[in-house]
Amino acid sequence: MQTRKITKADFDQIVEVIDRWWGGPISTFAHPIFFYELGDNALIAEEDGRLIGFLLGFLHFKEPKTGYVHLVGIHPDYRRRGVGRVLYAEFTERCRSLGCKRMKAITTAGNEGSIRFHEAVGWRATEIEDYAGPGRKRIVFTRDLPPLSPPPRPPHPSSTN
């Protein structure tokens, strides 16, 4: 499996397959803004040149600077094979390298697969009433990111004469 930055052809393919992969109408969540405006951090997973997963995410610059996972899709034949973990790990490291201090994602209260996945990869889940409007509860996932370690300092020159 390889991961890489999204292309327009990838985005077009995502729009074609997402409803099948999710088992229902969700394609409006794969809005073109996630390619044209926010696509610098969107990722594709592929195997032998075949699309097997994607992650549409972006950076939120309000403090604390946050990497936000908007939408993830995994080809049904590749579920439970680590594709989501690889996409999340790569996106998280990219966000950390760009100065993010935390990660965030949101799902509906009944999406047990998403809840289990996020908890398994170390994210905290908080149920928030009316998050998406009156009577529209959501589960908000967060994960704090430790800062990148500073590069090692060169040894102090010593006088050995």
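FYI, the numbering just counts along the sequence from 1. Heavy atoms only: backbone and side chains are in, while hydrogens, waters and symmetry mates are out.
The two atoms that bring Thr108 and Ile115 nearest to each other are O-CD1, 4.4 Å, heavy atoms only. Closest approach of Asp144 and Pro146 over heavy atoms only: O-CD, 3.8 Å. Among all heavy-atom pairs drawn from Ala120 and Arg85, the shortest one is CB-NH2, 3.8 Å. Between Leu59 and Cys95, the shortest heavy-atom distance links the atoms CD1-SG, 3.8 Å. In plain terms, the two heavy atoms of Ala105 and Tyr68 that are nearest each other are CA-CE1, 4.4 Å. Considering all non-hydrogen atoms of both residues, Val140 and Lys104 come closest at CG1-CE, 3.7 Å.
Counting non-hydrogen atoms of neighbouring residues, nucleotides and ligands closer than 6.0 angstrom, the CG atom of Asp130 exceeds 12 such neighbours. Residue Lys101 qualifies as open at atom NZ: its count of foreign heavy atoms under 6.0 Å is 12 or below.
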Inset, instruction - Tell me, with the steps shown, if Leu87 and Phe91 meet side-chain contact (heavy atoms from CB on, under 4.5 Å). - result: CA-CA 6 Å; Leu87 287 167; Phe91 182 66; over 6 Å; no
Legend entry - Full working for side-chain contact (heavy atoms from CB on, under 4.5 Å) between Ile6 and Leu56: CA-CA 9 Å; Ile6 193 172; Leu56 303 180; 4.0 Å; yes
Inset, instruction - Take Thr92 and Met103 through the test side-chain contact (heavy atoms from CB on, under 4.5 Å) and record every step on the way to the result. - result: CA-CA 7 Å; Thr92 298; Met103 301 298 293; 3.7 Å; yes
Legend entry - From CA spacing to verdict: side-chain contact (heavy atoms from CB on, under 4.5 Å), Ile106, Phe141: CA-CA 6 Å; Ile106 298 167; Phe141 302 104; 5.9 Å; no
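With sequence neighbours excluded, the residues forming a side-chain hydrogen bond (donor to acceptor under 3.5 Å, both in side chains) with Asp10 are Arg4, Thr7, listed by chain and number. For Lys137, the salt bridge (Lys or Arg N to Asp or Glu O under 4.0 Å) partners are Glu127, Glu129, not counting sequence neighbours.
One distance of note links CD of Glu93 with CG of Leu145; it measures 8.0 Å at 0.5 Å rounding. One distance of note links NZ of Lys5 with CZ of Arg94; it measures 7.0 Å at 0.5 Å rounding.
Residues Tyr78 and Leu51 do not share a hydrophobic cluster, defined by chaining ILVMFWY side chains whose heavy atoms lie under 4.5 Å apart. Tracing side-chain contacts under 4.5 Å through hydrophobic residues (I, L, V, M, F, W, Y), one never reaches Leu43 starting from Trp21; they form parts of separate clusters. In the hydrophobic clustering of this structure, Val83 groups with Leu55; members are Ile, Leu, Val, Met, Phe, Trp, Tyr whose side-chain heavy atoms approach within less than 4.5 Å, directly or through other members. Hydrophobic clustering, with ILVMFWY side chains joined whenever heavy atoms are under 4.5 angstrom apart, keeps Ile128 apart from Ile139.
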Hey, can you pull the donor-acceptor pairs under 3.5 Å for the side chains in residues 11-18, sequence neighbours left out?
residue: Asp12; atom: OD1; partner: Lys8; partner atom: NZ; Å: 2.5
residue: Asp12; atom: OD2; partner: Lys8; partner atom: NZ; Å: 3.2

Less than 3.5 Å apart, which donor and acceptor atoms pair up between the side chains of residues 69-77 and the rest of the protein, not counting sequence neighbours?
residue: His70; atom: NE2; partner: Phe29; partner atom: O; Å: 2.9
residue: His75; atom: ND1; partner: Asp77; partner atom: N; Å: 2.9
residue: His75; atom: NE2; partner: Arg50; partner atom: NH2; Å: 2.8

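For the pair Asn41 (side chain) and Phe58 (backbone), a donor-acceptor distance under 3.5 Å is absent. Remark: side-chain polar atoms of Thr66 are paired, donor with acceptor, to backbone N or O of Pro64 under 3.5 angstrom.
The ring pair (Phe, Tyr, Trp, His ring centres under 6.0 Å) contacts involving residues 92-112 comprise nothing, where partners must be two or more places apart or lie in separate chains. Sorted by first then second residue, the side-chain hydrogen bond (donor to acceptor under 3.5 Å, both in side chains) pairs that include residues 111-125, not counting sequence neighbours, are Tyr88-His118, Thr107-Asn111, Ser114-His118, Arg124-Thr142.
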